[in-house]
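The next block holds one structure in the form of structure tokens; read it before the comments.
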Amino acid sequence: MATYEPADLARELGYTNEYRPGKIVRDYLRKKYPDHPKYQRWVLDETQADDVRANVASARTK
């Protein structure tokens, strides 16, 4: 089973010049999963990664 991290998904969506890689994805995840423990690493499964892809705008379309 594949897993994903916010920085991987951000790069996939075209966010390559972020000061903190993956921040755009983590911001979305914090809103979607407010009970996620603070300062814990995000490791996403395929379903969660697909949700990010569907709901975080691509940098190419901004």
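- Residues P21 and R26 approach most closely at O-NH1, 2.9 Å, considering heavy atoms.
- At a threshold of 4.0 Å, the pair D27-K23 counts as salt-bridged, since one of the basic side-chain nitrogens sits closer than that to a carboxylate oxygen.
- Between atom CD of residue E18 and atom OH of residue Y15 there is a gap of 7.5 Å, rounded to the nearest 0.5 Å.
- Rounding to the nearest 0.5 angstrom, the gap separating the OG atom in S58 from the CD atom in E12 is 9.5 Å.
- Taking every heavy atom of both residues into account, G14 and A59 meet most closely at O-CB, 3.4 Å.
- Across A10 and G22, no two heavy atoms sit closer than the pair CB-CA, 3.7 Å.
- Residues D8 and R11 are in side-chain contact: their nearest non-hydrogen atoms beyond the backbone lie under 4.5 Å apart.
- Each of L44, D51, I24 was compared with L29 under the side-chain contact (heavy atoms from CB on, under 4.5 Å) criterion, and only L44 meets it.
- No side-chain donor-acceptor contact under 3.5 Å links Q48 and Y4.
- In this structure, CD in E5 is found 4.0 Å from CZ in R41, a value given to the nearest 0.5 Å.
- Ring pair H36/W42 is parallel by interplanar angle, where below 30° counts as parallel and above 60° as perpendicular.
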